[in-house]
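Below you'll find the structure, written out as structure tokens, and then a few comments.
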Amino acid sequence: MSSLFTPFTLRSLQIPNRVWMSPMCMYSAAPEGPDTGAPTDFHLTHLASRAAGGAGLVMAEATGVRPDGRISPWDLGLWNDRQQEAFTRITEAIKAHGAVPAIQLAHAGRKASVDKPWLSDRYLTEDENGWQPVAPSPVAYDGLAVPHELSVKEIQQLVRDFADSARRALAAGFQVVEVHGAHGYLINSFLSPASNHRTDAYGGSFENRIRFALEVVDAVRAVWPEDLPVFFRTSATDWLTENPEDTREGWTGENTVRLAKELHAHGVDLLDVSTGGMVRDAKIVAGPNYQVPFAAQARNQAGIPTAAIGIITEPQQAEEIIASGKADAVFLGRELLRNPYWAQNAALELGVEPRWPDQYAYVVKRRKH
């Protein structure tokens, strides 16, 4: 039996396999007007097709918990009724194909208000439908605007914003909610000493820098059903400390283990392990499985289930990651853009019967050559 296609249970939720669709920004929502931030027909097709393609869990892209939390004006949001209602047909479509609908709730922090990446990826001013970013400290991400330093009162409001979006996600039919704490966005920028220069209760010591993340998790867990799982995406390293030529202090794999233990104690069921995104000039040697050791480290040292991501492209590669205990699942991103039916093809290669939609199965199974 294939480990990759063994069901995985978290709390009361059984996920049919370990091939999961990673959240990927599509920059395709309306940037203004009554449908701002609401998913469109494109998002429905994009997400439902990966469920039909056999992914066990399909996660909607980073979804802003409020308008200034979007990465760009074209990002999804979940702060009003119209957005919530538009997500409902997406969750229904994902479930109809036998997959679990999940959503990543996010605030982009100091990396917010930028253009579409295939246009310029530059900062957009208020005259261009943009806004001033916010962050724990007034330290700009290279090339973007200097962010507004959040007050304690504003931080507390952000915690409530995450909880409100989680309530809406549940009402829209999602079965998994993920808190985005990676890639240099708001929560990650509180965690890392490279971006958090505060001297109050939210900065300085490790315990202070993780405070906001834990408060968000507590607020989300409080409104999320006890029988459904909460995920947390982390950047396991900033790739600064690992570079002997870089004198900047950064977040490390050891820090991630410490955080993972706290997250698990606060009700997080799985750590979605990525890396990087804190600074533009970090030296990252990317290649197949290059982030998997961090997922394995957190899983083995913190005792929390993990998902691995990053240049996982081959069925046997994914199978080995799960079978060897390096992670409990794999998140595929670009590979599922190239091939929405990757999971079906992987199942065939690994000797497993694919989970075809009924409309396909009666024809596909009948064919002998």
Side-chain angles (χ1 to χ4, degrees), residues 62 64-71 79 105-113 123 131-142 144-166 179-223 230 232-238 240-241 246-268 271 276-279 282 302:
V65 298
R66 64 188 203 185
D68 72 346
R70 295 168 296 163
I71 299 169
W79 64 79
L105 298 181
H107 191 294
R110 67 181 189 153
K111 296 174 76 174
S113 188
Y123 173 69
W131 56 89
Q132 183 182 24
V134 301
S137 303
V139 179
Y141 185 72
D142 186 29
L144 302 183
V146 175
H148 162 70
E149 182 175 3
L150 290 162
S151 67
V152 171
K153 185 177 180 179
E154 289 170 330
I155 292 170
Q156 293 169 345
Q157 179 58 53
L158 277 157
V159 172
R160 292 191 291 271
D161 292 334
F162 271 92
D164 288 344
S165 287
V179 175
H180 196 348
H183 300 160
Y185 298 124
L186 185 62
I187 292 176
N188 190 208
S189 67
F190 271 87
L191 296 175
S192 176
S195 53
N196 185 346
H197 300 170
R198 298 177 75 96
T199 57
D200 63 2
Y202 289 93
S205 69
F206 175 85
E207 291 75 15
N208 284 354
R209 286 184 281 113
I210 70 171
R211 188 182 308 277
F212 178 54
L214 296 182
E215 288 179 348
V216 169
V217 164
D218 286 344
V220 169
R221 186 75 265 181
V223 303
V230 171
F232 187 96
R233 173 165 275 192
T234 183
S235 279
T237 176
D238 295 336
L240 297 177
T241 304
D246 200 319
T247 59
R248 291 171 291 184
E249 182 183 5
W251 184 264
T252 67
E254 289 71 27
N255 294 149
T256 297
V257 171
R258 291 179 65 187
L259 174 63
K261 291 177 180 178
E262 292 290 337
L263 291 171
H264 206 22
H266 284 253
V268 169
L271 195 67
M278 180 55 61
V279 298

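The residues of the chain are indexed from 1 along the displayed sequence. Fair warning: this is a prediction, and the values are worked out from it, not measured in the lab.
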Aromatic ring pairing W251/F206, orientation class (parallel under 30°, perpendicular over 60°, tilted between): parallel
R198: salt bridge (Lys or Arg N to Asp or Glu O under 4.0 Å) partners, not counting sequence neighbours: D200
P147 side chain reached by V134 side chain, heavy atoms, under 4.5 Å: no
Check: L271 main-chain N/O paired with R233 side-chain donor or acceptor under 3.5 Å: no
Intermediate values then yes/no, side-chain contact (heavy atoms from CB on, under 4.5 Å), V216 and F232: CA-CA 11 Å; V216 169; F232 187 96; over 6 Å; no
Donor-acceptor pair, side chain of T256 and main chain of T252, under 3.5 angstrom: yes
Side chain to side chain contact (heavy atoms under 4.5 Å, CB included), paired with F212, selected from L150, L191, L186: L186
For H264, side-chain hydrogen bond (donor to acceptor under 3.5 Å, both in side chains) partners two or more places apart: none
Validation row: E262, I210 side chains within 4.5 angstrom (heavy atoms): yes
Atom of N196, atom of S189 and distance for their closest heavy-atom approach: CB-O, 3.4 Å
S235 side chain to H183 backbone, donor-acceptor under 3.5 Å: yes
D238 side chain near V279 side chain, heavy-atom distance below 4.5 Å: no
Least distance between heavy atoms, G184 atom then M278 atom: CA-CE, 3.8 Å
Between CG on residue L105 and CG on residue D161, distance to nearest 0.5 Å: 11.0 Å
Distance-minimising heavy-atom pair for A166 and V223: CB-CG2, 3.8 Å
Set of residues satisfying salt bridge (Lys or Arg N to Asp or Glu O under 4.0 Å) with respect to R248, sequence neighbours excluded: D246, D281
Full working for side-chain hydrogen bond (donor to acceptor under 3.5 Å, both in side chains) between D68 and H107: CA-CA 8 Å; D68 72 346; H107 191 294; 3.0 Å; yes
Partners meeting side-chain hydrogen bond (donor to acceptor under 3.5 Å, both in side chains) with R209 (sequence neighbours left out): none
Full working for side-chain contact (heavy atoms from CB on, under 4.5 Å) between D164 and W79: CA-CA 7 Å; D164 288 344; W79 64 79; over 6 Å; no
Side-chain heavy-atom pair S113, Y123 within 4.5 angstrom cut-off: yes
Minimum heavy-atom distance between T234 and A182, given as atom pair plus value: C-CB, 3.4 Å
Smallest separation among heavy atoms of E149 and P138, with atom names: OE1-CD, 3.4 Å
Closest non-hydrogen atom pair, H148 against E154: NE2-OE1, 2.9 Å
Side-chain donor-acceptor contact under 3.5 Å, Y202 with E215: yes
Evaluation steps, side-chain hydrogen bond (donor to acceptor under 3.5 Å, both in side chains), between N255 and R258: CA-CA 5 Å; N255 294 149; R258 291 179 65 187; over 6 Å; no
Within-4.5 Å side-chain heavy-atom neighbours: S195 and V139: no
Qualifying residues under side-chain hydrogen bond (donor to acceptor under 3.5 Å, both in side chains), relative to H197, sequence neighbours excluded: none
Contacts of E254 that satisfy salt bridge (Lys or Arg N to Asp or Glu O under 4.0 Å) - sequence neighbours left out: none
Straight-line distance of Y185 OH to H180 NE2, nearest 0.5 Å: 5.5 Å
Exam field: side chain R221 to backbone G267, donor-acceptor pair closer than 3.5 Å: yes
Interatomic distance, L240 atom CG to T247 atom OG1 [nearest 0.5 angstrom]: 9.5 Å
